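To start, the structure itself, in structure tokens.
Hydrogens, waters and symmetry mates play no part in the numbers below; they use all other heavy atoms, side chains included. Residues: numbered from 1 along the sequence shown. Computed from a predicted structure; not experimentally measured.
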Amino acid sequence: MRLAMAAITAGVIAVDQVAKSLVLAGHPADGASFAFFTVRLARNTGASGGLASGYPVLVTITGLAVTALAVGLAIRARSRAAALCLAAVLGGACGNLSDRLFRSPGFGRGGVVDWIHLGAGGGSLDLADLAIQFGVIGAVIAMLVAERTRRRPRSAANAERLTAYDRPDLQR
């Protein structure tokens with residue numbers, strides 16, 4: 001399972017960084033439109049939506065904390081589906097964190113390369129952001145389903161096989 005999680009994390013990082021490199025190398029015309037999105041380069045030195053854009057070092061430190069939290073949650077996940085979704089979140093967080101650490105203007109102050117614009121207005125995002133958003137949604141759904149399954153009442157046939165240790169009503 002941990003191997004699958006590592007593969008998903010590495011895959012998200014690789015796809016994100018390759019896509020960003022291709023977009024940067026291609027210098028697409030501003031506003032090159034495709035089916036549902038427009039390609040337009042933007043450097044985001046802040047958090048999601050440009051929040052705290054004047055404080056890139058603070059955003060980088062926060063990114064490190066979020067990445068550490070994602071690692072902890074992924075390792076402790078009770079559901080395989082939740083763990084795999086959290087691996088996607090971790091990959092997205094690492095992809096954006098690598099931009100902040102290694103892209104210009106310098107270590108810890110770099111801007112995330114956002115290039116996907118959906119609809120007429122709004123902000124921009126990249127593949128790492130998509131992995132984070134869909135990974136969080138998937139992990140929450142997987143955790144809710146796992147919790148619901150865990151709390152499901154046992155069938156009568158299954159209840160008969162339980163020992164006194166498992167059933168408080170048989171304990172003295």
Side-chain angles (χ1 to χ4, degrees), residues 1-20 36-37 44-52 55-103 108 110-116 118 122-172:
M1 187 63 186
R2 296 225 174 142
L3 184 60
M5 291 169 60
I8 288 173
T9 301
V12 169
I13 294 168
V15 168
D16 176 59
Q17 292 301 310
V18 167
K20 288 174 183 176
F36 300 106
F37 65 94
N44 183 4
T45 58
S48 181
L51 189 68
Y55 305 96
V57 175
L58 178 64
V59 173
T60 300
I61 292 169
T62 304
L64 285 167
V66 168
T67 303
L69 177 65
V71 168
L73 289 173
I75 289 172
R76 289 179 176 83
R78 292 182 180 178
S79 158
R80 288 182 181 183
L84 295 176
C85 290
L86 288 168
V89 171
L90 179 58
C94 288
N96 283 343
L97 188 59
S98 67
D99 282 1
R100 295 188 189 288
L101 292 174
F102 303 117
R103 294 202 188 265
V112 173
V113 177
D114 286 341
W115 56 275
I116 303 170
L118 302 173
S124 59
L125 54 107
D126 57 12
L127 295 180
D129 295 334
L130 289 173
I132 292 169
Q133 293 171 6
F134 285 115
V136 166
I137 291 169
V140 168
I141 291 170
M143 287 178 199
L144 290 173
V145 168
E147 183 66 21
R148 185 172 182 205
T149 303
R150 189 177 69 83
R151 290 186 179 204
R152 183 179 299 154
R154 294 184 171 124
S155 68
N158 197 16
E160 291 174 7
R161 286 184 268 158
L162 297 175
T163 65
Y165 176 78
D166 295 327
R167 292 191 46 197
D169 58 322
L170 296 178
Q171 295 177 358
R172 291 186 192 210

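- A donor-acceptor pair under 3.5 Å links the side-chain atoms of Thr9 to the main chain of Ala87, judged by distance alone.
- Residues Val112 and Arg103 have side chains not in contact (no heavy-atom distance under 4.5 Å, counting atoms from C-beta outward).
- A pairwise comparison of heavy atoms in Asn96 and Asp129 identifies ND2-OD1, 2.8 Å as the closest pair.
- With sequence neighbours excluded, the residues forming a side chain to side chain contact (heavy atoms under 4.5 Å, CB included) with Ala82 are Ala77, Ser79, Ala142, Met143, listed by chain and number.
- Residues Val113 and Asp99 share a closest heavy-atom pair of N-OD2, 3.2 Å.
- In this structure, OH on Tyr55 lies 14.0 Å from CD1 on Ile61, to the nearest 0.5 angstrom.
- Leu127 is listed as a side-chain neighbour of Leu130, based on a closest heavy-atom distance under 4.5 Å.
- To the nearest 0.5 Å, the span separating CG on Leu97 from CZ on Phe102 amounts to 8.0 Å.
- The two residues Met5 and Ala83 make their nearest non-hydrogen contact at SD-CB, 3.8 Å.
- With sequence neighbours left out, the salt bridge (Lys or Arg N to Asp or Glu O under 4.0 Å) criterion links Asp16 to Lys20.
- Nearest approach of Ala70 to Leu90, heavy atoms of both residues: CB-CD1, 4.1 Å.
- Taking every heavy atom of both residues into account, Ala131 and Ala88 meet most closely at CB-O, 3.7 Å.
- In terms of heavy atoms, Leu84 sits closest to Ala4 at CD2-CB, 4.0 Å.
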